[in-house]
Amino acid sequence: MSTQPPAAIPRRFHQTWKDGDVPPAFREYQQSWLKHNPDWEYAFWTDASARRFVAEQTPWLLPAYDSFPHAIQRVDVARYVWMRQMGGVYADLDCECLRPLDELIEGHQLIVGLEPQVHVAGWVTAHGIDRIVCNAFIASRPGHPFWDHLLALVVRHADVDDPLASTGPFLLTRAVAEYPHPEQITIAPARLIYPATKEEAWSADGCRARLRLSREAFVLHHWVGTWWRKRPAGEPAVQIEPRPAERRDGTPKILVATPVKDARGHLARYLDNLRTLTHPHGDISVAFLESDSADGTYEWLCENAAEHLAGFRRVEVHKADFGYRLAGPRWAASIQRRRREILARSRNRLLQRALGDEEWVLWLDVDVVRYPPDVIERLLAAGKDIVVPHCLGPNGRTFDLNTFRLADPLPDLSRHVVDGILQPPPGCGRKYLEDLRGKPIVEVDGVGGTMLLVRADHHRDGLVFPCYSHRLYIETEGLAMMARDMGLRCWGLPHLEIHHA
């Protein structure tokens with residue numbers, strides 16, 4: 001009686017990044033996979049599409065997936081689900097393919113690789129392991145039973161904060177050691193998949209020619225480490241004079257996050273206003289992300305922000321250019337989709353770079369010119385996880401029209417969909433905070449970003465600013481719709497007034 005041979009490893013690559021904007025430093029590595037394997041399929045995943053796949057294919061895993069505090073933990077789990085459901089080859093974006101993989105995968109069911117043994121330092125052995133099975137490169141046939149074994153361990157470790165031990169290489173190492181059918185797993189030596197140590201790769205600074213690699217090597221991991229090394233690759237981040245925490249009992253830590261572009265004329269007043277805040281400055285971190293400025297915004301911040309904000313917990317200036325300039329008036333319907341897409345990407349980049357151990361994120365536009373010194377305390381006192389004040393323009397009317405409550409009944413707005421997002425005229429099917437002044441706090445369906453307080457754990461759980469049409473909304477309005485999908489509610493304070501230029 002013949003035995004059916006196991007399924008082959010599909011010729012399909014999987015790679016992922018938080019969004020579709022892959023950093024330039026990784027693009028050559030990304031292209032290397034199809035360069036050497038031109039007939040293979042290629043699947044690229046974002047955080048959003050990865051979560052959808054996990055929810056659709058393994059709904060029983062979603063509570064653990066959503067509970068992890070670090071984005072890298074969800075990325076780890078997603079790759080295991082792709083291998084379980086679809087199979088193929090997963091590779092981190094900082095992995096470079098050196099030659100065709102057919103010889104490597106032929107005749108195997110599941111392939112993982114060992115890190116160089118020099119990586120097994122004392123702090124590693126303290127975890128009870130004497131080798132590291134890395135998860136930066138994985139090849140598997142679909143349906144391999146090892147993945148059920150591993151994902152069961154993931155669920156049992158859902159309350160472990162350390163990514164290495166809860167979802168990453170340390171957990172993978174244990175799962176391989178405990179798997180009852182070791183003959184089903186091929187453990188490749190380091191020279192084939194991880195031929196350079198971290199120190200060697202860092203010394204080479206991305207230049208493969210500086211490394212002496214085995215001719216047997218199929219893959220080179222550059223060990224960029226966007227989640228565990230201080231500086232992400234490809235885009236600079238300047239941290240100015242970090243200061244130690246001055247934690248006060250009962251006083252929450254706040255991250256004030258501000259994307260800026262051509263904002264030089266607003267910066268001095270913006271910083272002056274921050275200094276008036278009555279929330280303890282030692283519990284406030286401030287982070288900027290500058291992009292595409294032509295007026296010296298980035299340079300001015302790097303030179304002046306730390307001095308102006310002496311006594312604040314942390315001050316950071318990050319930079320990421322998107323190559324975008326307005327193609328018309330900023331209010332024109334024809335440019336809103338692209339304009340707000342860039343705004344969303346800026347906010348998400350800043351969030352990914354700057355959020356540390358803070359409990360709250362206060363999004364604050366640079367051209368908000370006046371607000372009460374106790375605005376943070378008053379927002380916190382609302383007792384809500386997502387809350388906005390009432391932003392007024394120079395004419396004393398509601399300025400931030402992205403904060404609204406939908407009318408009931410809601411009129412047909414389909415004719416106001418432009419470029420895939422709703423763009424109705426002011427007041428059409430919406431009430432703004434100036435229309436809702438009868439109550440101290442009101443539930444809203446959309447929020448603006450002139451000033452927006454969000455509990456940081458919701459951002460850690462995946463609440464971001466969609467840079468695509470999410471139920472016909474984008475950026476801050478899209479965040480509000482995404483919050484609703486996550487079971488959260490958004491609130492406005494009609495009588496807490498701030499002022500926009």
Side-chain angles (χ1 to χ4, degrees), residues 16-23 46-48 50-51 66 68-75 163 226-239 242 252-261 284-291 301 305 313-322 340-366 376 379 385-388 402 447-468 470 473-483 485-486 488 490:
T16 187
W17 189 245
K18 60 182 180 292
D19 52 34
D21 192 29
V22 175
T46 64
D47 287 356
R51 187 187 184 279
D66 284 341
F68 285 118
H70 304 292
I72 186 59
Q73 293 170 297
R74 293 183 285 277
V75 174
T226 56
W227 70 272
W228 48 269
R229 291 186 75 194
K230 184 156 187 161
R231 179 178 60 84
E235 295 168 353
V238 176
Q239 179 167 318
K253 289 176 283 188
I254 310 290
L255 171 66
V256 177
T258 301
V260 289
K261 177 179 179 179
I284 302 176
S285 302
V286 182
F288 304 88
L289 185 133
E290 183 279 328
S291 58
L301 283 170
R313 183 170 186 254
R314 189 175 81 249
V315 182
E316 295 181 6
V317 181
H318 300 269
K319 182 172 180 58
D321 289 331
F322 301 98
R340 299 196 68 190
E341 172 197 334
I342 297 300
L343 282 171
R345 289 166 62 187
S346 299
R347 293 185 188 276
N348 293 336
R349 291 284 185 91
L350 179 53
L351 183 66
Q352 189 269 338
R353 302 282 186 80
L355 181 58
D357 60 351
E358 291 83 10
E359 293 127 295
W360 295 88
V361 179
L362 181 69
W363 295 95
L364 176 60
D365 278 0
V366 72
I376 291 179
L379 288 169
D385 286 2
I386 306 172
V387 61
V388 293
N402 295 326
V447 294
T450 53
M451 184 181 284
L452 166 66
L453 185 71
V454 180
R455 186 179 292 275
D457 276 348
H458 296 318
H459 280 317
R460 295 185 181 101
D461 290 340
L463 180 64
V464 296
F465 299 88
C467 57
Y468 52 89
H470 182 83
Y473 295 91
I474 196 169
E475 202 232 339
T476 57
E477 295 173 341
L479 175 138
M481 298 301 163
M482 184 179 290
D485 292 345
M486 296 171 65
L488 305 172
C490 300

* Between Asn402 and Val447, is there a donor-acceptor pair closer than 3.5 Å when you use the side chain of the first and the backbone of the second? -> no
* To do: Give, for atom CE of Met481 and atom SG of Cys490, the distance between the pair rounded to the nearest 0.5 Å.
  => 8.5 Å
* Test side-chain contact (heavy atoms from CB on, under 4.5 Å) applied to Leu255 and Val454, Leu355, Asp357, the passing residue -> Leu355
* **Taking every non-hydrogen atom, the tightest pair across Leu463 and Leu479** => CD1-O, 3.5 Å
* **Val260 side chain reached by Leu301 side chain, heavy atoms, under 4.5 Å** => yes
* Asked: To the nearest 0.5 Å, what is the distance between CZ (Phe465) and CE (Met482)?
  -> 10.0 Å
* Structure fact -> So CZ of Phe288 and OG of Ser346: to nearest 0.5 Å the spacing works out to 14.5 Å
* **Nearest heavy atoms of Tyr468 and Ala48, plus distance in Å** => OH-CB, 4.0 Å
* Assess the side chains of Arg345 and Ser291: does a donor N or O sit below 3.5 Å from an acceptor N or O? => no
* Minimum heavy-atom distance Pro259-Leu350, with the two atoms named -> N-CD2, 3.9 Å
* Minimum side-chain heavy-atom gap Thr46-Trp17 below 4.5 Å -> no
* **Pair Asp385-Trp360, side chain to side chain contact (heavy atoms under 4.5 Å, CB included): steps then yes or no** => CA-CA 9 Å; Asp385 286 2; Trp360 295 88; 4.2 Å; yes
* Asked: If you measure from the Lys or Arg side-chain nitrogens to the Asp or Glu carboxylate oxygens, is any gap between Arg460 and Glu358 under 4.0 Å?
  -> no
* Please check if any side-chain donor atom of Glu316 sits under 3.5 Å from a side-chain acceptor atom of Ser285, or the reverse. => no
* Evaluate the side chain to side chain contact (heavy atoms under 4.5 Å, CB included) criterion for residues His458 and Leu488: first the C-alpha distance (whole Å), next the side-chain angles of each, then the deciding distance (0.1 Å), finally the verdict. => CA-CA 9 Å; His458 296 318; Leu488 305 172; 3.5 Å; yes
* Any chance you could lay out the side chain to side chain contact (heavy atoms under 4.5 Å, CB included) test for Glu359 and Ile254, step after step, and finish with the verdict? => CA-CA 6 Å; Glu359 293 127 295; Ile254 310 290; over 6 Å; no
* Output yes when a side-chain donor or acceptor of Thr450 lies under 3.5 Å from a complementary backbone atom of Asp365, and no otherwise. => no
* Do you know the tightest heavy-atom contact between Ala483 and Ile386? -> CB-CD1, 3.7 Å
* Does Arg74 make a cation-pi contact with Phe68 (under 6.0 Å, within 45 degrees of the axis)? -> no
* Determine, stepwise, if the pair Ile376 / Ile284 fulfils side chain to side chain contact (heavy atoms under 4.5 Å, CB included). => CA-CA 10 Å; Ile376 291 179; Ile284 302 176; 4.1 Å; yes
* State which residue, out of Gln352, Arg353, Glu290, fulfils the side-chain contact (heavy atoms from CB on, under 4.5 Å) condition with His318. => Arg353
* Structure fact -> Between the OG1 atom in Thr258 and the CG atom in Leu289, the distance rounded to the nearest 0.5 Å is 10.5 Å
* Asked: Between Asp66 and Asp461, which heavy-atom pair has the shortest distance, and what is it?
  -> O-OD1, 3.3 Å
* Structure fact -> dist Leu364:CG -> Leu453:CG (nearest 0.5 Å) comes out at 11.0 Å
* **Presence of salt bridge, Glu475 and Arg340, under 4.0 angstrom** => yes
* Below 4.0 angstrom, N of the basic side chain to O of the carboxylate: do Lys261 and Asp321 qualify? -> no
* To do: Check Pro466 against Ala344 and note the closest heavy-atom contact, atom names and distance.
  => O-CB, 3.4 Å
* What orientation do Trp363 and His459 show, parallel under 30°, tilted 30 to 60°, or perpendicular over 60°? -> perpendicular
* Using side-chain contact (heavy atoms from CB on, under 4.5 Å) as the criterion, point out the one residue from Leu362, Val256, Val388 that pairs with Met451. => Leu362
